[in-house]
Protein chains: 2
Amino acid sequence: MSLRQQKKLETRQNISHAATRLFIARGFDGVTIAEVAEAARVAKMTVTNHFGRKEDLVFDIRNDFVDWPAKLVQQAPSSTPFAAVRDGYFAALDGRSALLGFAGIEFVGMVRASVTLMAALTQMHLDREQQLAAALLTPGGDILARATAAHLTSILRLLFDEVWDLTYAGDEDLVTKVREAATKAFGQLEPALG
Amino acid sequence: MSLRQQKKLETRQNISHAATRLFIARGFDGVTIAEVAEAARVAKMTVTNHFGRKEDLVFDIRNDFVDWPAKLVQQAPSSTPFAAVRDGYFAALDGRSALLGFAGIEFVGMVRASVTLMAALTQMHLDREQQLAAALLTPGGDILARATAAHLTSILRLLFDEVWDLTYAGDEDLVTKVREAATKAFGQLEPALG
DNA sequence: CACAAATTTAGGTCGGACCTAGTAAGATGG
DNA sequence: CCATCTTACTAGGTCCGACCTAAATTTGTG
């Protein structure tokens, strides 16, 4: 990686860290982009250049998050999409992956306190569905493939919310409880998609 | 209805009609609220008072749209939620209800051309899910009830998109094709929820 | 008719998204 | 190793949606 790219990345992370600190302290909507720029000691426009929307300052893992289910089914072409996503979920659960919603309680509280951020998160789940549907689709767009993508990402979204609920409540048995919920939710859907 | 209420409604519809005309002519993002106000011959603030967000100028049926599935299951307490929504869907399909996406091609094109409006529509589907989940939930929030609400509203959303796809393509056999797609989608889910 | 309540208006502020022109600093080729 | 090209960053804006307050206008009521 060239020095130029290194410096760019440093600037980006510098901004991202300054922003996260401010957001957790004063809430997403209580901080302006100008203040983020000031805290990171860069021009306002530099923030905008690195992060197209204010929400992008918070969800840096967006791309990994969106692509994950589609990758799961592509990397396990022999099993059904249902089995690939279910097995991928339980594997990621053991690793407490951020893709499932594992995060600090301050982060969860900060996002939940902002309508804007919750809407952005919703959109991320939706984009996930689109990616998964694209991975399943024969071009032309069978309705059943799209429905499968929708139902699987719905489960991932509900379980994500479950992780956040328990995180926010400071629950100790988080992983155990989420595993139970996941077993139920995937089990319900198995007769249709398995 | 009092004269005061009548005049308020007139003002509201006056604004809504002026807005829709402008949006179809020049695109949602190509029209400012100030222009809508000017066209409707009211103050800018009157537009804002009637329609909290610019998107609300377009989706006037929002409340009916959001409440519909929850009402279906509440009005048919003897059948399963799955059957109530499925049967309600086919009934509404025969009536070409706007709740399923039936609309003019210009309207569909106008909404699809705007990222903002598509996001607002997404949010309406999500709010639908929340309403339906609330109607199904035993307080405490069983994950299976939430999953059922999610899967059912996903189908309604996919079929809504199907209606719009066919509308936008100017298809003549719209209702027939949508009925087929609905049969497939509900049929897929029946082993899980029926 | 006088007064209360609801609606509309005027004229703002604030912040996010976006733009342009120009500067600074790292990369590249003669 | 210096001149030139490219990329990142900066400065200073514009635009518009969301929101606010105070006041004016219109309608309903005792």
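Just so we're clear, the structure is a prediction, and the values are computed from it rather than from any experiment. Just so it is clear: chains get the letters A, B, ... in the order the sequence lines come, proteins before strands, and each one is counted from 1.
In terms of polar N and O atoms assigned as donor or acceptor, the side chain of A:Lys8 never comes within less than 3.5 Å of the base of C:dG26 in a complementary pairing.
Between the CZ atom of B:Arg12 and the C1' atom of C:dA6 there is a distance of 16 Å, given to the nearest Å. Per the geometry, CZ belonging to A:Arg41 stands 15 Å off P belonging to D:dC9, to the nearest Å. In this structure, A:Glu35 places its CD atom 13 Å from C1' of C:dG16, rounding to the nearest Å. Protein atom CD of A:Glu10 is 10 Å distant from nucleotide atom P of D:dC9, rounded to whole Å. Rounding to whole angstrom units, CG of residue B:Asn49 and C1' of D:dT21 are separated by 12 Å. Rounded to whole angstrom, the span from the CG atom of A:Leu57 across to the P atom of C:dG15 amounts to 16 Å. Atoms CG (A:Leu3) and P (C:dA25) sit 12 Å apart, rounded to a whole Å. Separating the NZ atom of A:Lys54 from the P atom of D:dG17 is a distance of 19 Å, rounded to the nearest angstrom.
Note on B:Thr11: a side-chain N or O is less than 4.0 Å away from OP1 or OP2 of C:dT8. Applying the 4.0 Å criterion to OP1 and OP2 of C:dT8, one finds that B:His50 has a side-chain N or O inside that range. At C:dC18, none of the side-chain N or O atoms of A:Thr48 fall inside 4.0 Å of OP1 or OP2 (strictly under the cut-off). Dashed line: the shortest gap from a side-chain N or O of A:Lys7 to OP1 or OP2 of C:dG26 is under 4.0 Å. For D:dG28, the OP1/OP2 oxygens have a side-chain nitrogen or oxygen of B:Ser2 closer than 4.0 Å. In terms of phosphate contacts, B:Thr46 brings a side-chain nitrogen or oxygen within less than 4.0 Å of OP1 or OP2 of C:dT9.
Residues B:Phe160 and B:Phe102 keep their aromatic ring centres 6.0 Å or farther apart. In this structure, the ring of A:Phe65 has its center less than 6.0 angstrom from the ring center of A:His125.
You'll find that the side chain of B:Ile33 is closest to D:dA18, out of D:dA18, D:dC16, C:dG16.
Mapping B:Arg4 and A:Arg4 onto DNA chain D by nearest heavy atom places A:Arg4 closer to the 5' end of the strand. If B:Gln5 and B:Phe51 are placed on DNA chain D by their nearest nucleotide, the residue sitting closer to the 5' end is B:Phe51. Mapping A:Met45 and A:Ala34 onto DNA chain C by nearest heavy atom places A:Ala34 closer to the 5' end of the strand.
As judged by a 4.0 angstrom heavy-atom cut-off over every strand, B:Val31 is placed among residues touching the sugar-phosphate backbone only. Using a 4.0 Å heavy-atom cutoff across all strands shown, B:Lys44 reaches at least one base atom of the nucleic acid.
Judged by distance alone, the side chains of A:Glu129 and A:Ser154 never bring a donor and an acceptor atom under 3.5 Å apart. For A:Gln131 and A:Thr153, the side-chain atoms include no donor-acceptor pair closer than 3.5 Å.
A salt bridge is absent between B:Asp67 and B:Arg62; no separation between the charged side-chain nitrogens and carboxylate oxygens falls under 4.0 Å. Using a cut-off of 4.0 Å between Lys/Arg side-chain N and Asp/Glu carboxylate O, A:Arg146 and B:Asp161 are scored as not salt-bridged.
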